[in-house]
Each structure stands twice: as structure tokens, then as C-alpha cells.
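Structure first, commentary second.
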Amino acid sequence: MLDRKLLRGEPDAVREACEAKREPCRIDEWARLDERRRGLLVQVENLRAERNTASELVAELRKKGQDAAEQIERNRSLAQAIKDLDEQLRNADEALESLELTFPNLPDADVPRGRDSSANLQLRAWGEPPDLGFQPRQHVELLGSLFDQDAAARISGANFILLRGECARLQRILISWMIDFHRRAGYEEIWPPFLALPSSMRATGQIPKLADDMYLIENDQLYLVPTGEVPLTNICSDTVLEETRLPLALTAYTPCFRREAGSYGRETRGLNRVHQFEKVELVRIERPDRSDKAHEEMVAHVESMLRALELPYRAMLLSTGDLSFAAARCVDLEIWAAGQGAWLEVSSVSNFRDFQARRARIRYRPSSGGKPVPVHTLNGSGLALPRLILALVENNQLPDGRIRLPAILAELMGAEFLIG
RNA sequence: GGAGAGGUGGCCGAGUGGUCGAAGGCAACCGCCUGCUAAGCGGUUGAGAGGGUAACACUUCUCCGAGGGUUCGAAUCCCUCCCUCUCCGCCA
């Protein structure tokens, strides 16, 4: 949600952002409604003030034992007028708010302008795509029975995954190792609920835009979380934090449920794009003036994790057209997958500035005193597991089909090879 | 799932339908006092949305879990819902 002062004062900036993110822009409609709402508000408040003083007068007359019938009669008509105006005001408020939920966040000024991912800017790269010296195979083939698509489909339908044996164990160990990796960097470990209320989804920005991409449990009106960002960020919703408590750094494992409506046929083979995947998420709640630094720290932190896993990667600053609805800036970390010969996104590290904080009402009280102000929220994956496993398998394959494990995982797994 | 209790300001806690945004206490902050500290004394300290201002000041309305209702007037009465706690049942 954008600041109303911004919507009033800089409608052109909002228009630009909508265009950049290819969102419909109803700022003019908003401005008319806002005007109307304020007019109504002044009217009701005046009537209310009138009623308040009149009611006091009634009390006073009564106390003196005088007749108050005339006052009461006047108040009765006031009450009706107030009720009518209140109704109009409530309608205006609702319309205004639902409009406000449709404005995307403004991209940072230095985010590359562009229509899609082709305009993304490569910031850094590390490692070389390995030259295997033979025709590399893809993960589905390499994993064989450790990746049981048939069973997954019988249990849950298309595009679910079922890992077996050492591959299942690898995923479990990776999750645990990643959480520890973050914990050592100062992140508090969280185990959150995996179902969330519509209000939580609205707070982080999944509703209304991405509502159709989420699983909804209709009986209870609960959504399955599409990312750990939802529960982690909402830990602080409706809260005024003391400045001394900032920053907050949180990490959690969650499954992520996504309907992926409309993306069938696109990179849906194997572990690329599935309805349920596992992810370890990072969230930070920061003082506004610190969020740029926090964002850089988060990107650097995730990069260090990729290096520990010996995965060649590149860091991409997303262009305006590739930026998500709620983000002001985002760095994607893409790892090389030798079998597919492609870069795969395994982490998006985003700064939402105060966009989510306004929706979720997460504020802090400055130590210097004064009103609570919205915090800045950030999040990043660290990391998404299926694509991570995919790349580990494809990059570390040997001509005979064996799969070597990078040193750190070899130690954790107690084996030099995943398949050997 | 059944029965009961309760949800009030940063926290605790009072509140006969009519100056109640809310007593009292704690905490925090600012003074005074004191050799220092403590104690004591005095004062200040909630949120949101408007108006107003260069910015303050000032000012209006709303908010006592949420939403309805009764009433001239609701923290206070009625209804619905949500949440917390206790006991019982069930269950991984």
C-alpha cells in the first residue's frame, strides 16, 4: 500500500509505476473518491460534534430537573442524518481501500527500466559453468528412482514431487544446514503455521493480485502459504516495535504451495516448477534508513551460501518489468544447471520499503520520540530446494552417471557421492 | 466437540448509561529536593483520520476484542462473531 500523501501529491509517479509493472492504474478514480471521502468526513464530524454538545446539554437540563424534550427531539433527527452519512462514508472508505490495494509499489529510481527479464542487469557472477567434457544429462534421468514422478502423480496429480531415499535425505539435511547457516549469521529461527488468513495474504501483497495462484481451503477460508514470507513478515503485523528492537532478522523453513495457474507447459519438467516445494526463507524488519544496507547484506549472505555449495551463480538486478507487485527492488540469484544448460532462479532478495509495512501495519517508535512510522520489510529465499537439488545433481554428474557431492554436503551426508 | 471465565491505555487494573480517552498503580521521561544513589514531591507520556501551520501550536471526530442493535446519549444494556484461559471429551 502506498502512502496516501504520495497518492495525492505525486499521481504521476504512481502512473509511471503502474506502467512499468504493467498494472492497470486507477489513480484518477482514486483521487475523485478521496476528495469525496474527505468531504463526507467533515460533514459527519460536524454533525457528531453538534450531537455531542446537545447530548451534554440534555444531561445538564436533566440534572437541574428541567425539561429536555426539545433537545432530545433535535438530537433524534441528527442521529438519522449521521447514520445516513456514515453509511456513505463507509462505502467510500471501502472503495478507496480496495483501490489502494491495486497500486503496485514504486520501483527504486536506479532500477533498470525495461519490459521484461531481458532488461535485467547482471551485477556479479561467481564460478564458471562447469565444462563436463561430455553430453550432460538432465536431473530427471540422473535421479532415476530417487525421483518418483509416478507415485507423486498417483497421490496428488500432476506437478507434485516425491523424493526417495538418499535424495529425500539430502533435502532434509539441506534444510537443516541452511537454517543453521542463517542462525549463525544472526537470524532467529522460526517455525510458523503453514496456513494463513486472507488478511495475512493481503498484508504481504499476495491478495488481491495473486489470489488465483494460491490454494484456498474453502471450509475455513485459509490459504496455504505460497512462501515463508507470509508468516514471517506477519509475525509483526499490527505491531508498534520499539526502535531498540530493530532490526529483526528471521528465518524459517516452510513448504510453498502454488497453483501455477497459467504456467502449464513452461519449464514444468521434473523439479523446475511444481505445486509444492520446500524453501528456507529470510525476512528482515528494518529501520527505513537502514534498509538499503540490509538488502545488500542479505544478497551477500545468500551468495556466500551458494559459494559454500560450490554452485556457479549470477546476481541479477531485476528490471521494472520483471519486478514483483510489492517490491521496490529485487536481486535474483540464478545458479547454473549443466543438464538444462540454463540459469535457474533459486533466490529472490527483495526490498519492499514500507509497502508491506503499511498493509500489515508494522511500525516502530523512534527512540527520539514521536509518532510510530512504518518499518521497511525485506525478504529473500535461502534457498528454494527443488532447483537447488536439480543444479547440484546436474552440475556434479560424472560420465558414468554417478553424482559427486560438494565437500560440505559430502561431510553432512557421510558420503562422497549422492549416487555412486 | 461440551461446560465455564474473560478480553479496557506500554503493562497491571477500576469503571451506578450522561464532561470517561477512561480512576488507581507500575513503567518511562522531565523537573525539584538530596553529597551520590534510593526515597519523597510536582509534572509529562495511547492510536487513527480530518482541519490548521513554513513547521510547531491549536482544533474536531473516532477508537475500551470485531461487527450489528437499543437509546437523545453506550466501555457500561442486547445480539452475532473472533480470540485467550480453565475443566471435560476426542485426537497426532
Watson-Crick or G-U counterpart of B/rG40, or none if no pair lies under 3.5 Å: B/rC32
message: The side chain of A/S55 is closest to which nucleotide in this list: B/rU60, B/rG18, B/rG46?
response: B/rG18
B/rG21 and B/rC64, which share atom name C1', separated by this distance in whole Å: 9 Å
statement: Applying the 3.5 Å cut-off to both distances, the Watson-Crick or G-U partner of B/rC56 turns out to be none
query: Considering Watson-Crick and G-U wobble pairs with both distances under 3.5 Å, what does B/rA27 pair with?
result: B/rU45
field: Residue-phosphate contact under 4.0 Å: A/R90 side-chain N/O, B/rG68 OP1/OP2
entry: yes
task: Specify whether A/Y187 and A/H182 have parallel, tilted or perpendicular ring planes, treating 30° as the upper limit for parallel and 60° as the lower limit for perpendicular.
output: perpendicular
- request: Using a heavy-atom cut-off of under 4.0 Å over every strand shown, decide if A/R361 touches base, sugar-phosphate, or nothing.
  value: nothing
query: With respect to the phosphate group of B/rA47, does any side-chain polar atom (N or O) of A/R363 fall under 4.0 Å of OP1 or OP2?
result: no
query: What integer distance in Å separates A/Q80:CD from B/rG69:C1'?
result: 14 Å
- prompt: Under a 4.0 Å N-O cut-off, is there an ion pair linking A/E166 with A/R169?
  reply: yes
- request: Report the distance from atom CG of A/D238 to atom C1' of B/rA66, rounded to the nearest whole Å.
  value: 12 Å
message: Using Watson-Crick or G-U wobble geometry with both distances under 3.5 Å, which nucleotide pairs with B/rG9?
response: none
message: Looking at A/R8, I'd like to know whether one of its side-chain N or O atoms comes within less than 4.0 Å of OP1 or OP2 on B/rG50.
response: yes
- line: B/rU16 -> Watson-Crick or G-U wobble partner, both distances under 3.5 Å, gives none
- request: Scan A/V58 against the nucleic acid and name what it touches under 4.0 Å (heavy atoms): base, sugar-phosphate only, or nothing.
  value: base
- prompt: When rounded to the nearest Å, what value does the distance between C1' atoms of B/rC77 and B/rG18 take?
  reply: 15 Å
- prompt: So, are A/D34 and A/R8 salt-bridged, with charged N and O less than 4.0 Å apart?
  reply: yes
message: If the cut-off is 4.0 Å, is A/R38 near the phosphate of B/rG51, judged by side-chain N/O to OP1 or OP2?
response: yes
query: A/R37 or A/V44: which one's nearest nucleotide on RNA chain B is closer to the 5' end?
result: A/R37
- request: Give the rounded distance in Å between these two atoms: CD of A/E35 and C1' of B/rG51.
  value: 14 Å
message: Test side chain to side chain contact (heavy atoms under 4.5 Å, CB included) on A/I335 and A/L383; report intermediate values, then the result.
response: CA-CA 11 Å; A/I335 55 178; A/L383 308 156; over 6 Å; no
message: Could you check, using the six-membered ring where one of them is a Trp, whether A/Y253 and A/W191 have ring centers closer than 6.0 angstrom?
response: yes
field: Pairing partner (Watson-Crick or G-U wobble, both distances under 3.5 angstrom) of B/rG67
entry: B/rC79
task: Determine the interatomic distance between P on B/rA22 and the same-named atom on B/rC30; round to the nearest Å.
output: 25 Å
- request: Look at all strands and tell whether A/R358 reaches a base, only sugar-phosphate, or nothing, counting heavy atoms closer than 4.0 Å.
  value: nothing
query: Between A/H139 and A/F147, how do the two ring planes meet: parallel, tilted or perpendicular, split at 30° and 60°?
result: tilted
P spacing across the pair B/rG4 / B/rC78, given as an integer number of angstrom: 16 Å
- prompt: For RNA chain B, whose closest nucleotide is more 5', that of A/K371 or that of A/K83?
  reply: A/K371
message: Any base atoms under 4.0 Å from A/N52, or only sugar-phosphate, or nothing? Heavy atoms, all strands.
response: sugar-phosphate
query: According to the Watson-Crick and G-U wobble definitions, with both distances under 3.5 Å, which nucleotide is paired to B/rG21?
result: none
task: May I ask you to evaluate whether A/R76 reaches the phosphate of B/rC72, defined as a side-chain N or O under 4.0 Å from OP1 or OP2?
output: yes
- prompt: Would you call the rings of A/F160 and A/H275 parallel, tilted or perpendicular, where under 30° means parallel and over 60° means perpendicular?
  reply: tilted
query: Out of B/rU60, B/rG48, B/rG50, which has the shortest distance to the side chain of A/A49?
result: B/rU60
